[in-house]
Amino acid sequence: MQRTAALLFIASGREGHYLPSSWAFSSVPSSSITDTSHHPWHIRHHPHHHRTALSSLPEEVVEDYDANEDGVSLPLLFIEQPTVPSSIQSSHPSSGIPRSLESSIERVKQQALSDSTDGSNNNALHKLIVEAGIQWRNKRNQQHDDIGTISYASMERVPGCIATVHLKTTLVPTSTDQFIDGDNTPSDYRVVIDGAADAMLSGGLVALLSDVLSGGVDVNGSIANQVTAADILELQPEVLTTAMDLQTILSRGRNDGMASMVRVVQRQIRSLLEPVTSGDPGVSEVLDATISNKMDISKDTTRKPTVAMLLSGGVDSSVAMHLLLRQNYNVTAFYLRIWLEDELSHLGECPWEDDLQVCQSVCEHAGNVSLETVSLGKEYRERVVQYTIEEAQRGRTPNPDIMCNSRVKFGCFLEYIEESGMDFDYVASGHYAQLKDDDDTSAISQKRLFRAPDPVKDQSYFLCALTQKQLSKVIFPIGEYQKSEVRELATQFQLPNRNRPDSQGLCFLGKVRFDDFLASYLGDRPGDVVDALNGDVIGRHNGLWYHTVGQRKGIGKVMFPLATAKGPWYVVAKDQERDIVYVSNRYDEDDFAQARSEFEVEDVRWLAGEAPMNAHHEKSWHEVRLDMKIRHGPRVVQGTLMLKDDGSVGNIRLDQKDGGLAPGQYVVFYQPDTLECLGAAVISEKHWASFLQRYDEIVATKTEA
């Protein structure tokens, strides 16, 4: 009986990160794997290089080996690629690119990128790259059904990528007669790449890289381009995107990331080709060794307090990290990637690539502080973006920043580090706010939130929805500082980003206008613009969600010219059922005094878990005097809160008129004279009910006249 063997080398890094993404890629033509169903099999493991070699694998072994729940996995081996001619040659040989790779690159360009012959059309090329990744994902899902669940916990994370990318390299002998011996050379093996990425564009780049390095297949199912491990080791990582005509259409971060992927593959190849110095362990030993290769959080024997530092690339969080280091904390920095790349890429440049590069520079400057990138785009979409869209669609005014803090930064990120087994004592951020322990020793220990001394930068408004569980894990290192003092510290610390301007706008939009964001999800829904005092139609708007109560800027663009001349006009209310925006040029007069100072609130919540003692007595509610913020900023107003029913709703009466009370908007409560944040509530639609009723009466009177 003729004996043949398919010899595979599998390399991976030691980091075992959980990947919530479904982006995974693999490439090897099925014709390169010989039928081995009648041959014995064995596993060889190199304990010093964390590698496994498998030979003569029957189908039942593949099933058993892949199904193990402890993280042991095999790459997908039987994914075929579209047929392309094998005769395609490079028309422009590139320096640092071996001839076989030039041919493979040309094949991939014509196969995956040929629909965009004009390299100036960046959006079209981006789309083709994403589509290439989608095709690979679909093939992966198809093979998933045939082979079983594939675990990527043993892949190596690629450093220097703006997205989260993991790779695993497999070496396949160019001849099925080869076995392991001490004379193996790189030219004896081809390379197969498994990969996973948490962003669609990065996923497409992983797919293209894997296709180039594998050599692809021709019309007969044979290898199209004979690319060997030796060819890949000769490849200069920095020139690959240039050779693929992608350098100018990719950002600097993407170009650097592609080069980092090549370096990781080259390092894994070298590791796999080192001579095996140990014997053959049993199957159970291999499984145990594979499990032990998963990420292990190091234990600091000196037991410094451990902190997960949320680093954004801005001056505030960078100074906060340096303060923690000087206070002898054991700091690990985390960059949360929540930019909605796939949904919003057509609206502007991706803002977080520069942010991540700044974070890397700040961490290097601080003594090579460990920096991890955590992709929470999916969670942000579900917990914040969906809320924002739903509130806007109802005509309400959402506050994504409050939701981002409670649901993402101190919500699902805390869940992430707990589920990942990371043992951090605290999570820190660059927020301007103060936390103090409850000084009432007779009560259960609680955290109390206070405004920052800098009234302009104070961010307690955005932290009003945090729970006691969240507050107990949080520290704000710069909460006691003025913004000017933080800038001075940045200069004193010689931070690389010390002159970087403060960011503006919503954290997930970057430079994208909020109206453009809403338009991309909700489109337009035109309706009338009506004078609130006489019922006259004086304009046409494109959608209720583009306007908010108290708005003056921009409202003139949707009004008829004759009406515009009678301004300034202010938005005073919105009617969701009739798609009407009500405006008035007498907003400061007594007609709107009550609508601007009295309103209903819902979803009342208190940081301490219950209302202040002076708000109730013997099962009845009492008016309580409070300082309040209707929006983020230095302005604090005074008024009274009267809770009703079960205490989750109430009525507020302000001492002075406010600029714009919009349903959905948060009102944050503070203890007068102490700066302590007590809780918050949301302005209810009931605030509009009395006004709309009055408007109907005005229209009825006008009709009768």
Side-chain angles (χ1 to χ4, degrees), residues 3-12 26-34 36 44 46 48-57 75 77 81 84-90 93-108 156 167-195 208-218 220-240 243-244 259 261-277:
R3 296 177 58 85
T4 59
L7 175 62
L8 308 178
F9 284 167
I10 303 172
S12 66
S26 177
S27 171
V28 63
S30 59
S31 61
S32 65
I33 305 298
T34 305
T36 59
R44 291 185 176 178
H46 190 286
H48 301 296
H49 297 89
H50 317 291
R51 70 184 185 183
T52 303
L54 297 91
S55 61
S56 305
L57 295 176
L77 299 178
Q81 299 200 56
V84 295
S86 60
S87 59
I88 297 174
Q89 298 296 325
S90 172
S94 304
S95 176
I97 305 289
R99 175 62 63 178
S100 60
L101 275 173
E102 288 180 355
S103 301
S104 189
I105 289 170
E106 251 347 275
R107 173 185 54 79
V108 171
E156 178 178 357
L167 294 177
K168 177 193 289 184
T169 300
T170 302
L171 297 185
V172 180
T174 55
S175 170
T176 57
D177 294 329
Q178 287 179 239
F179 289 91
I180 297 178
D181 56 40
D183 299 322
N184 298 130
T185 65
S187 59
D188 294 329
Y189 302 100
R190 294 184 301 101
V191 170
V192 178
I193 306 300
D194 289 341
L208 295 179
L209 176 68
S210 182
D211 196 357
V212 166
L213 299 187
S214 71
V217 294
D218 61 19
N220 300 316
S222 302
I223 299 170
N225 305 109
Q226 291 289 344
V227 179
T228 68
D231 297 325
I232 297 172
L233 292 176
E234 293 177 8
L235 171 63
Q236 295 181 17
E238 295 79 8
V239 304
L240 181 57
M244 298 181 70
M261 293 183 209
V262 175
R263 293 190 191 96
V264 167
V265 172
Q266 290 173 333
R267 184 172 63 251
Q268 292 182 354
I269 290 173
R270 294 188 184 98
S271 174
L272 289 171
L273 291 173
E274 292 179 3
V276 178
T277 58

Enquirer: Pick from Val227, Val265, Val262: which one makes a side chain to side chain contact (heavy atoms under 4.5 Å, CB included) with Leu235?
Expert: Val262

Enquirer: Run Glu234 and Leu101 through side-chain contact (heavy atoms from CB on, under 4.5 Å) and show every step you take.
Expert: CA-CA 10 Å; Glu234 293 177 8; Leu101 275 173; over 6 Å; no

Enquirer: For Val108 versus Met244, what's the shortest heavy-atom pair and its separation?
Expert: CG1-CE, 4.3 Å

Enquirer: Any chance you could measure Leu273, atom CG, to Tyr189, atom OH, to the nearest 0.5 Å?
Expert: 6.5 Å

Enquirer: Minimum heavy-atom separation for Thr228 to Pro186, with atom names?
Expert: CB-O, 4.0 Å

Enquirer: Atom CD in Gln266, atom CZ in Arg270: separation rounded to 0.5 Å?
Expert: 5.5 Å

Enquirer: For Thr169, does its backbone N or O pair with a side-chain atom of Glu156 as donor and acceptor, under 3.5 Å?
Expert: no

Enquirer: Rounded to the nearest 0.5 Å, what's the gap from CG on Leu167 to CZ on Arg267? Could you check?
Expert: 10.0 Å

Enquirer: To the nearest 0.5 Å, tell me how far Lys168 NZ sits from Ile193 CD1.
Expert: 11.5 Å

Enquirer: Give the minimum heavy-atom separation between Ser187 and Ala230, together with the two atoms involved.
Expert: N-CB, 3.7 Å

Enquirer: Looking only at heavy atoms, what is the nearest atom pair of Val191 and Leu171, with distance?
Expert: CG2-CD2, 3.6 Å

Enquirer: Rounded to the nearest 0.5 Å, how far does CG of Asp231 lie from CD of Glu102?
Expert: 10.5 Å

Enquirer: Donor-acceptor pair, Ser104 side chain versus Val212 backbone, under 3.5 Å?
Expert: yes

Enquirer: To the nearest 0.5 Å, how far apart are CD in Gln236 and CD1 in Ile97?
Expert: 7.5 Å

Enquirer: If the condition is salt bridge (Lys or Arg N to Asp or Glu O under 4.0 Å), which residues does Glu238 pass it with, not counting sequence neighbours?
Expert: Arg263

